[in-house]
Amino acid sequence: MEAVTGWWDDYFWGSVIVLQVFVCSLILMVLFGLIGAAAKLSNNRFAQKLAAGYTVAFRGTPEILVILLLYFGSAITLTAIAQVFDPEVKFVDLSPFWSGTLAIGLIVGSYATETFRGAFLGVKPGSIEAARALGMSNFQTFVYVRIPEMWRLALPSFGNHMLSLIKDTALISIIGLNETLFVAKQAIGTTGKPFTMYIVVGCVYLGFSTVITLTVMWLEKYGNKHMESAR
Amino acid sequence: MTNIAPAASPETLIQMKSVNKYFGNFQALKNINLEVKKGEKIVVCGPSGSGKSTMIRCINRLEEHTDGHIIIDGNELTDKVKDINAIRREVGMVFQSFNLFPHMTILKNLMLAQRLVRKTSKAEARETAMHFLERVKIPEQADKYPVQLSGGQQQRVAIARALCMKPEIILFDEPTSALDPEMINEVLEVMTDLAKEGMTMVCVTHEMGFARSVADRVIFMDAGEIVEEAEPEDFFLNPQNERTQKFLSQILTH
């Protein structure tokens, strides 16, 4: 274990990056998921098709491919655009952090689209009718009735999506994001101790995923307290 | 919709004129004409699929009528969302399956629409909620969740929730049909109390005892039409229409 000693701070900052990617991609994932679900549930044919295409494309391709395509694709596109304005420019890219975060937000968002869609459909029509009959506006009904019932239905799958997000962060090391797996590779290069170094990475991810799992369990307990029968 | 129908007398709260309603090719309501005056209690009965629920759901626009006019307290129901919400504020509704918000306590169920729609203060909404919970005789359940209550209690809460909005009219859509027999009376008692206090009520129900003792008029519907409309005494003892006679013989012989 003493081989790790000089690397603790690198691992720490790597973990911070994992956390940052997680938080940003989580926000994007919820955003894409809600937009996707709204599009699928809308009456607009074009929006439905677009959302269907989105889920087919991102659920049907390897995650690592999406990350690579988004990173290099955005680099080529941005460079081309930049060269229009300034021919001197050699290379412009979206940082590995943002292209990676965007990629996994899009990927897991495509799964979340289906989760949210199902959950919205699971909201009891009676609750919505009751809200309407009380004179609540569509927006009020959405915020106070649909969303509170929907998130409880979505939560178990949503917990899985969060685990996917945190684990997918490791994939972003392939485009040079200096998260923990990236740190490990560097450490192995110097110390020649792959097992030790990868175990540390494993522990970091296990730590994060445990916190997520416990949070989801607590949320489920909180969210379902109205289902506990009277004692 | 060029001409708004002529104003009815100020006493008239609900006015339906030549209302038709189609679901696709199926005509659910055929030329419905109905007037309900302030303080009147109307019981609507008829075989299942006869359009009773559809009719009262048109009154607060949970269903959209295809043509004809529906005028609630002088305001015609049109497509304007603002008008619809304004009318819904004045028209309470109690559903067959209670439809309480499952994730909220009883008290919050009662307070939500008051706060959002009536814009009352929190304290006032709570006071009103407790007042009506006492009226339906279950103030001790205020902090429980709907699932923890019996069906009869849930339906009483649903009635209290409608009352909290201080509506002009309450519509009941088969309020006792989903209840176990021993719970029907507690709900009917609350409804009878309401009737005595002068609330304007339109009830779709098969509780003929309730109809007899409470209703000012009983309306019998079949196949989307109002077939017969009479005071309860006449309706039960001397039904005019053959279909009414058949229906009554079917439900009253047991």
Side-chain angles (χ1 to χ4, degrees), chain A residues 30 34 37-38 41-44 115-159 215-231, chain B residues 53 56-57 59-63 81-106 108-119 141 143-150 153-154 157-158 161-167 170-171 173 178:
Chain A
V30 172
L34 286 177
L41 294 170
S42 79
N43 295 323
N44 187 319
T115 301
F116 290 157
R117 189 183 74 97
F120 273 121
L121 288 177
V123 174
K124 290 204 197 87
S127 304
I128 295 160
E129 278 196 346
R132 295 238 168 93
L134 286 162
M136 286 164 61
S137 68
N138 283 339
F139 179 72
Q140 289 170 336
T141 306
F142 185 77
V143 173
Y144 292 94
V145 178
R146 279 186 203 260
I147 290 281
E149 285 196 44
M150 170 280 207
W151 77 254
R152 290 168 162 89
L153 294 170
L155 191 59
S157 305
F158 189 74
T215 309
V216 171
M217 275 168 63
W218 178 81
L219 277 173
E220 278 190 49
K221 198 159 178 254
Y222 168 82
N224 288 328
K225 66 175 195 277
H226 65 288
M227 297 304 287
E228 287 165 23
S229 54
R231 266 182 285 268
Chain B
S53 290
I56 70 164
R57 287 163 61 84
I59 295 174
N60 66 352
R61 213 178 177 82
L62 288 180
E63 303 284 358
V81 176
K82 232 180 140 184
D83 297 349
I84 294 171
N85 285 341
I87 284 172
R88 283 175 177 162
R89 278 200 292 271
E90 307 306 330
V91 182
M93 183 146 192
V94 175
F95 299 87
Q96 179 175 355
S97 45
F98 330 134
N99 295 352
L100 297 176
F101 306 124
H103 58 283
M104 293 180 197
T105 62
I106 300 306
K108 293 223 171 102
N109 261 279
L110 268 60
M111 288 168 65
L112 183 69
Q114 293 187 63
R115 303 265 293 133
L116 295 176
V117 180
R118 289 274 189 225
K119 314 278 183 211
Q141 310 286 4
D143 294 321
K144 290 197 180 161
Y145 288 96
V147 75
Q148 298 168 332
L149 271 57
S150 72
Q153 290 174 326
Q154 286 192 51
V157 171
R161 181 173 67 176
L163 289 172
C164 280
M165 297 298 286
K166 315 260 169 78
I170 298 194
L171 310 172
D173 189 1

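Chain naming here is simple, since letters A, B, ... match the order of the sequence lines and numbering starts at 1 in each. All values below were derived from every heavy atom in this structure, side-chain atoms included, with hydrogens, water molecules and symmetry-related copies excluded.
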Original post:
Which atom pair, heavy atoms only, marks the closest approach of B:Asp143 to B:Thr105?
Top reply: O-CG2, 3.7 Å
**OP:** Return the option, out of B:Ala158, B:Pro102, B:Ala113, B:Pro146, with the maximum number of heavy-atom pairs under 4.5 Å with chain A.
**Re:** B:Pro102
**OP:** For residues A:Ala37 and A:Phe116, report the shortest heavy-atom separation together with the two atoms involved.
**Re:** CB-CB, 3.7 Å
Original post:
Which atoms of B:Val94 come close to chain A, meaning under 4.5 Å heavy atom to heavy atom: side chain ones, backbone ones, both, or neither?
Top reply: neither
**OP:** Between chain A and each of B:Arg57, B:His103, B:Glu90, count heavy-atom pairs under 4.5 Å; write down the option with the most.
**Re:** B:His103
Original post:
Counting N and O atoms only, with roles assigned by atom type, does the side chain of B:Asp173 sit under 3.5 Å from a partner on the main chain of B:Ser53, one being a donor and the other an acceptor?
Top reply: no
Subject >> Contacting region of B:Leu100 [heavy-atom separation from chain A under 4.5 Å] >> reply: backbone
Subject >> Residue part contacting chain A, namely of B:Arg161, when any heavy atom lies under 4.5 Å >> reply: both
Original post:
Which atoms of B:Leu116 come close to chain A, meaning under 4.5 Å heavy atom to heavy atom: side chain ones, backbone ones, both, or neither?
Top reply: both
Original post:
Would you say the side-chain atoms of B:Arg89 pair up with the backbone N or O of B:Arg118, donor to acceptor, closer than 3.5 Å?
Top reply: no
**OP:** Could you tell me which non-hydrogen atom of B:Met104 sits nearest to which non-hydrogen atom of A:Tyr144, and how far apart they are?
**Re:** CE-O, 3.5 Å
